[in-house]
Enquirer: 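Encoded as structure tokens, here's the structure I'll be asking about.
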Amino acid sequence: MKDTFKHQGLRQQLVNTIKEKGITNDNVLKAIGKIPRHLFMDSGFLDHAYQDKAFPIAANQTISQPYTVAFQTELLQVEKGHKILEIGTGSGYQTAVLCLLGATVYSIERQLELFKITSKFLPKLGYRPKKLIFGDGYKGLKEEAPFDSIIVTAGAPMVPKALLGQLKIGGRLVIPVGEDVQTMTLFVRKGPKDFEQREFGEFRFVPMLEDKN
Ligand code: SAH
């Protein structure tokens with residue numbers, strides 16, 4: 001679990017890369033600059049950890065591309081103390097970004113293997129989400145709702161109603177919607193039944209699947 005000067009240097013280059021691609025939020029850039037992404041990946045991929053690319057992790061899933069993580073996080077407009085629900089814990093990298101921004105984070109993962117690995121790993125690095133849950137993110141997390149924001153990090157064939165219903169008024173849902181290719185979509189809850197919807201270009205995620213595994 002080493003973080004060397006070389007890693008730190010590569011990480012700074014990665015920050016510059018995503019800045020050039022259009023990420024402007026300073027806190028988000030700082031978080032990407034701090035988190036040792038190489039430790040979230042299988043050792044075989046260590047040399048690639050600071051490329052702006054998605055990579056395979058356990059259970060046939062992927063750690064999202066840093067630009068995508070930054071883009072989604074920017075759309076959330078995270079403030080210290082925000083209560084945030086993440087769907088798709090995966091490697092825990094996005095979870096760590098949210099923790100570092102001072103959010104109170106709940107994160108759901110449907111793959112038992114990943115849930116177990118990441119539950120052990122995150123606290124080792126000092127990231128402490130409020131709760132990691134093994135379950136099905138389509139249902140959200142009713143008992144902890146409402147949330148300031150909800151982020152889905154898997155490609156959703158449709159927008160789960162449960163998630164919209166678990167937002168505070170003014171709350172934001174950031175979700176990639178689509179089958180093969182997804183459109184990054186932001187919903188802002190304006191009233192109990194009133195949602196503003198905006199779209200932000202195409203991305204590719206592993207699919208959001210129903211039920212836990
Ligand atoms: N944020 C993660 C992304 C991992 S890929 C990271 O950066 O590492 C997406 C993750 O969503 C996978 O781990 C997948 O198992 C999980 N997933 C897919 N459908 C889900 C669902 N219905 N509920 C919870 N997690 C889900």
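All values derive from a computational prediction rather than experimental measurement. Start at 1 and go down the list; that is how both ligands and their atoms are numbered.
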Enquirer: Report the residues that fulfil side-chain hydrogen bond (donor to acceptor under 3.5 Å, both in side chains) with Arg37, sequence neighbours left out, ordered by chain and then residue number.
Expert: none
Enquirer: In terms of hydrophobic clustering (I, L, V, M, F, W, Y; side-chain heavy atoms under 4.5 Å; direct or indirect links), are Leu125 and Ile117 co-clustered?
Expert: no
Enquirer: Below 3.5 Å, N or O to N or O, backbone or side chain included: is there any such pair between Gly88 and ligand 1?
Expert: yes
Enquirer: Nearest non-hydrogen atom to atom 25 (N) of ligand 1 belongs to which of Arg110, Lys139, Arg37?
Expert: Arg110
Enquirer: Around atom 18 (C) of ligand 1, find the nearest protein heavy atom and jot down its residue, atom name and distance.
Expert: Pro207 O, 3.6 Å
Enquirer: At a non-hydrogen distance cut-off of under 4.0 Å, which region of Ala59 contacts ligand 1 (side chain, backbone, both, or neither)?
Expert: neither
Enquirer: For ligand 1, is there an N or O atom under 3.5 Å from any N or O atom of Glu210?
Expert: no
Enquirer: How far is atom 9 (C) of ligand 1 from its nearest protein heavy atom, and which residue and atom is that?
Expert: Thr153 O, 3.3 Å
Enquirer: Can you tell me the protein heavy atom closest to atom 8 (O) of ligand 1 and the distance?
Expert: Ser91 OG, 2.6 Å
Enquirer: In this structure, are over 12 heavy atoms from other groups packed under 6.0 Å from Lys21 atom NZ?
Expert: yes
Enquirer: Considering all heavy atoms of both residues, which atom of Glu74 and which atom of Gly22 are nearest to each other, and what is their separation?
Expert: OE1-O, 4.4 Å
Enquirer: Any idea which protein heavy atom is nearest atom 19 (N) of ligand 1, and the distance to it?
Expert: Leu209 N, 3.0 Å
Enquirer: Closer than 4.0 Å to some heavy atom of Leu114 - which atoms of ligand 1 meet that?
Expert: 13 (O)
Enquirer: Any idea which protein heavy atom is nearest atom 15 (O) of ligand 1, and the distance to it?
Expert: Glu109 OE2, 2.6 Å
Enquirer: Checking a contact table here: which protein heavy atom is nearest atom 7 (O) of ligand 1, and how many Å away?
Expert: Ser64 N, 3.3 Å
Enquirer: Look up atom CD in Glu113 and atom OG1 in Thr118, then write down how far apart they are to the nearest 0.5 Å.
Expert: 9.5 Å
Enquirer: With backbone taken as N, CA, C and O and side chain as the heavy atoms from C-beta onward, which portion of Met208 lies under 4.0 Å from ligand 1: side chain, backbone, both, or neither?
Expert: both
Enquirer: Quick one: which ligand 1 atoms are inside 4.0 Å of a heavy atom on Ala154?
Expert: 11 (O), 18 (C)
Enquirer: Identify the protein heavy atom lying closest to atom 12 (C) of ligand 1, giving its residue, its atom name and the separation to 0.1 Å.
Expert: Gln61 OE1, 3.3 Å
Enquirer: What atoms of ligand 1 come closer than 4.0 angstrom to any heavy atom of Glu86?
Expert: 1 (N)
Enquirer: Short list, please: which atoms of ligand 1 are under 4.0 Å from a heavy atom of Val206?
Expert: 5 (S), 9 (C)
Enquirer: Quick check for you: to the nearest 0.5 Å, what is the distance between Phe195 atom CZ and Lys193 atom NZ?
Expert: 10.0 Å
Enquirer: Please list all pairs meeting ring pair (Phe, Tyr, Trp, His ring centres under 6.0 Å) that have one or both residues in residues 90-130, counting only residues at least two apart or in different chains.
Expert: Phe40-Tyr93, Phe40-Phe121, Tyr106-Phe147, Phe115-Phe134
Enquirer: Under 3.5 Å, is there a donor-acceptor pair between the side chain of Thr4 and the main chain of His7?
Expert: yes
Enquirer: Under 4.0 Å from any heavy atom of Gly137, which atoms of ligand 1 are there?
Expert: 21 (C), 22 (N), 23 (N), 24 (C)
Enquirer: Which atoms of ligand 1 sit under 4.0 Å from any heavy atom of Gln111?
Expert: 15 (O)
Enquirer: Assess Thr95 for proximity to ligand 1: is some non-hydrogen atom of it under 4.0 Å away?
Expert: no
Enquirer: Which of the numbered atoms in ligand 1 are below 4.0 angstrom from a heavy atom of Ile87?
Expert: 23 (N), 24 (C)
Enquirer: Between the side chain of Arg11 and the main-chain N/O of Gly33, is any donor-acceptor distance below 3.5 Å?
Expert: yes
Enquirer: Do side-chain atoms of Gln94 reach the backbone of Val152 as a donor and acceptor pair under 3.5 angstrom?
Expert: no
Enquirer: How far does CZ of Arg172 sit from CG of Asp148, to the nearest 0.5 angstrom?
Expert: 11.0 Å
Enquirer: For ligand 1, which atoms have a heavy atom of Gln94 less than 4.0 angstrom away?
Expert: 1 (N)
Enquirer: Answer yes or no: is there a donor N or O on one side and an acceptor on the other, between the side chain of Ser64 and the main chain of Val69, under 3.5 Å?
Expert: no
Enquirer: Among protein heavy atoms, which sits nearest to atom 4 (C) of ligand 1, and what does the distance come to when rounded to 0.1 Å?
Expert: Thr62 O, 3.0 Å
